[in-house]
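Everything numeric in this text was worked out from a predicted model, so none of it was measured.
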Amino acid sequence: ARAVNKNEVECLISLFHTLVAKARSHFAGAGFDRTVFRDTLYNAFGMTDDVVLDRVFSTFNRENTGCITVVEWVEGLAVLLRGTLEEKMKYCFDVYDLNGDGYISREEMFQMLKNSLLIQPADEEPDEGIKDLVEIALKKMDYDHDGKLSFADFEQAVREENLLLEAFGPCLPDMK
């Protein structure tokens with residue numbers, strides 16, 4: 001993948017200012033909040049999953065201020081739109097690592113899968129099916145067999161099978 005070029009950065013910055021103006025928030029022009037962020041990702045990329053969108057927001061909002069700054073916006077979107085495989089792996093891993101401890105646990109996999117899979121109410125014990133999927137994912141991806149995924153596990157699994165990049169829910173833009 002190629003890096004974001006100057007024109008693209010200018011476009012992203014201009015979009016940022018449009019969103020800030022639309023937000024008219026208490027951040028006084030410094031940025032925009034979760035609601036505007038979610039609406040934008042929904043409209044631009046068709047991202048609909050609330051839990052995933054919240055995690056993407058947290059991953060972008062590294063300062064943890066509740067406000068996306070122009071730098072966070074440009075850097076975050078650069079990864080989504082033009083990131084290398086390495087950058088995308090790190091980003092997806094961060095989205096799925098709900099508590100930020102550097103591992104994706106069974107519980108975190110369960111939470112993400114429970115949200116991203118469309119489960120019919122008629123399914124008997126849908127949670128059981130998800131637990132089975134978590135075990136399958138662990139068996140396939142947990143190379144050091146410690147019962148959770150480190151970034152090294154995740155990276156190795158994705159390098160062997162790129163489709164596993166979004167194993168626990170769609171958090172990259174639909175590239176149409």
Mind jotting down which residue pairs meet the side-chain hydrogen bond (donor to acceptor under 3.5 Å, both in side chains) criterion with at least one end in residues 37-46? Sequence neighbours excluded, please.
Arg38-Asp50, Arg38-Asp54

Rounded to the nearest 0.5 Å, how far apart are [atom1] of [X] and [atom2] of [Y]?
| X | Y | atom1 | atom2 | value |
| --- | --- | --- | --- | --- |
| Asp101 | Ser150 | CG | OG | 11.0 Å |
| Phe32 | Thr18 | CZ | OG1 | 10.0 Å |
| Asp144 | Asp153 | CG | CG | 4.5 Å |
| Tyr96 | Cys92 | OH | SG | 4.5 Å |
| Lys114 | Lys131 | NZ | NZ | 8.5 Å |
| Met89 | Glu86 | CE | CD | 4.5 Å |

pair [X]-[Y]: side-chain heavy atoms closer than 4.5 Å:
| X | Y | value |
| --- | --- | --- |
| Phe57 | Ile68 | yes |
| Pro170 | Met47 | no |
| Lys148 | Met109 | no |
| Asp127 | Phe110 | yes |
| Leu77 | Phe45 | yes |

Compile the donor-acceptor pairs under 3.5 Å between side chains in residues 135-142 and protein atoms, sequence neighbours left out, one pair per line.
| from | atom 1 | to | atom 2 | distance (Å) |
| --- | --- | --- | --- | --- |
| Glu135 | OE1 | Arg106 | NH2 | 3.0 |
| Glu135 | OE2 | Arg106 | NE | 2.7 |
| Asp142 | OD1 | His145 | N | 3.2 |
| Asp142 | OD1 | Asp146 | N | 3.3 |
| Asp142 | OD2 | Asp146 | N | 3.1 |
| Asp142 | OD2 | Gly147 | N | 2.7 |

Taking salt bridge (charged side-chain N to carboxylate O under 4.0 Å, His left out) as the definition, give me every residue that meets it alongside [X], ordered by chain and number, with sequence neighbours left out.
| X | value |
| --- | --- |
| Glu75 | Arg62 |
| Glu10 | Lys6 |
| Asp94 | Lys90 |

Under 3.5 Å: donor-acceptor pair, side chain of [X], backbone of [Y]:
| X | Y | result |
| --- | --- | --- |
| Asp33 | Val36 | yes |
| Glu108 | Leu98 | yes |
| Glu161 | Leu163 | yes |

Does any donor atom in the side chain of Glu160 or Tyr143 lie under 3.5 Å from an acceptor atom in the other side chain?
yes

Strictly below 4.0 Å, N to O, side chains only: are Glu87 and Arg82 in salt-bridge contact?
no

Do NZ/NE/NH1/NH2 and the carboxylate oxygens of Glu166 and Lys88 come within less than 4.0 Å?
no

Closest non-hydrogen atom pair between Tyr91 and Thr59, with its separation
CD1-CG2, 3.8 Å

Ignoring hydrogens, what is the shortest heavy-atom contact between Cys171 and Val56? Give both atom names and the distance.
CB-CG2, 4.2 Å

Same hydrophobic cluster for Val158 and Tyr103, using side-chain heavy-atom links shorter than 4.5 Å among ILVMFWY?
no

Set of residues satisfying side-chain contact (heavy atoms from CB on, under 4.5 Å) with respect to Ile13, sequence neighbours excluded:
Val9, His17, Val70, Val74

Check against side-chain contact (heavy atoms from CB on, under 4.5 Å), Phe37 and Asn61:
CA-CA 11 Å; Phe37 182 80; Asn61 188 213; over 6 Å; no

Look at the rings of Phe151 and Phe93 and say which category their plane angle falls in: under 30° parallel, 30 to 60° tilted, over 60° perpendicular.
perpendicular

